[in-house]
Amino acid sequence: MFGIENYLGFVMAAILLNLTPGSDSMYIITRSISQGSQAGFYSVLGIISGILVHTLLAALGLSIILANSPLAFMIVKYIGASYLCYLGVKMLMSKQQPLIAESLQENEKSSSAKTLDHWQIYKQGILTNTFNPKVALFFLAFFPQFIDASYAYSMVSFIILGLTFAVTGFIWCSCLALLASKFSENLRKNPSIEVILNKISGVVFIGLGIKLLTERG
């Protein structure tokens, strides 16, 4: 159907791949531990949106440019790595008061500020995933194995597989965010510990950026 071969096999493979720890999982866990379940959930939405972007690019054939152009691959990789390092440095240098401890003490926070914070986290998740060229190359290498080469509308096949991968990823990553936030909830109620968790998160983001920068295409 729709040029897809062994769809069940793809679903099983997608689940296993989502369970495999990677930079996206680390990003979500770090956000959830340092900033709570809502931050984790919006980071999940951002990461999944990034996956949908890669799906569209692969379906349109644009990701092939990254596979065939070392220069394009390097540019995207440097942008992604620089952005992760920027987020890390921003968290390390931040002078803001602990948000979670503050909210527990004041028992009140403006909804507009919350919306802004969530929107920023969502955008950061999208950019983190979108500017990882490894994801684009993975889609090009993995998806065609389940698509009939003779099918005339392979773009439709790519989109269906991409949506499937996104759904399985959303389920797993949401569980990951919830578990990570619950694990650190009591820690984050302590203002000093919350600050430390934010600093650790900054170091992790910088580490993810360096890892992406040093990976070979």
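The chain is numbered in sequence order, starting from 1.
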Treating Ile, Leu, Val, Met, Phe, Trp and Tyr as nodes and any side-chain heavy-atom pair under 4.5 angstrom as an edge, say whether [X] and [Y] lie in one connected cluster.
{"X": "Met26", "Y": "Leu178", "result": "no"}
{"X": "Val167", "Y": "Phe41", "result": "no"}
{"X": "Ile29", "Y": "Ile171", "result": "no"}
{"X": "Leu179", "Y": "Phe170", "result": "no"}

Any side-chain heavy-atom pair of [X] and [Y] under 4.5 Å:
{"X": "Asn18", "Y": "Phe165", "result": "yes"}
{"X": "Ser25", "Y": "Leu176", "result": "yes"}
{"X": "Met12", "Y": "Leu16", "result": "no"}

Gap separating the [atom1] atom of [X] from the [atom2] atom of [Y], nearest 0.5 angstrom:
{"X": "Ile47", "Y": "Gln124", "atom1": "CD1", "atom2": "CD", "value": "10.5 Å"}
{"X": "Leu56", "Y": "Ile51", "atom1": "CG", "atom2": "CD1", "value": "14.0 Å"}
{"X": "Lys123", "Y": "Leu45", "atom1": "NZ", "atom2": "CG", "value": "15.0 Å"}
{"X": "Leu163", "Y": "Thr168", "atom1": "CG", "atom2": "OG1", "value": "10.5 Å"}
{"X": "Tyr7", "Y": "Thr164", "atom1": "OH", "atom2": "OG1", "value": "2.5 Å"}
{"X": "Ile121", "Y": "Ile28", "atom1": "CD1", "atom2": "CD1", "value": "12.0 Å"}

Considering all heavy atoms, the nearest [X]-[Y] contact:
{"X": "Asn129", "Y": "Gly50", "result": "OD1-C, 3.1 Å"}
{"X": "Leu52", "Y": "Ala166", "result": "CD2-CB, 3.8 Å"}
{"X": "Tyr122", "Y": "Ser49", "result": "OH-OG, 2.8 Å"}
{"X": "Cys85", "Y": "Ile210", "result": "SG-N, 4.3 Å"}
{"X": "Tyr27", "Y": "Thr128", "result": "CE1-OG1, 3.9 Å"}
{"X": "Val44", "Y": "Ser174", "result": "CG1-OG, 3.9 Å"}

(Q) Looking at Gly40, is its backbone amide N or carbonyl O close enough to the side chain of Ser43 to form a donor-acceptor pair, meaning the two atoms are under 3.5 Å apart? (A) yes
Q: Please report the C-alpha distance between Ile4 and Phe10 in whole Å, then the side-chain angles of each, then the deciding distance to 0.1 Å, and finally whether the side chain to side chain contact (heavy atoms under 4.5 Å, CB included) criterion is met.
A: CA-CA 9 Å; Ile4 298 175; Phe10 174 83; 5.7 Å; no
Q.
Tell me whether the rings of Tyr42 and His118 are parallel (<30°), tilted (30 to 60°) or perpendicular (>60°).
A. parallel
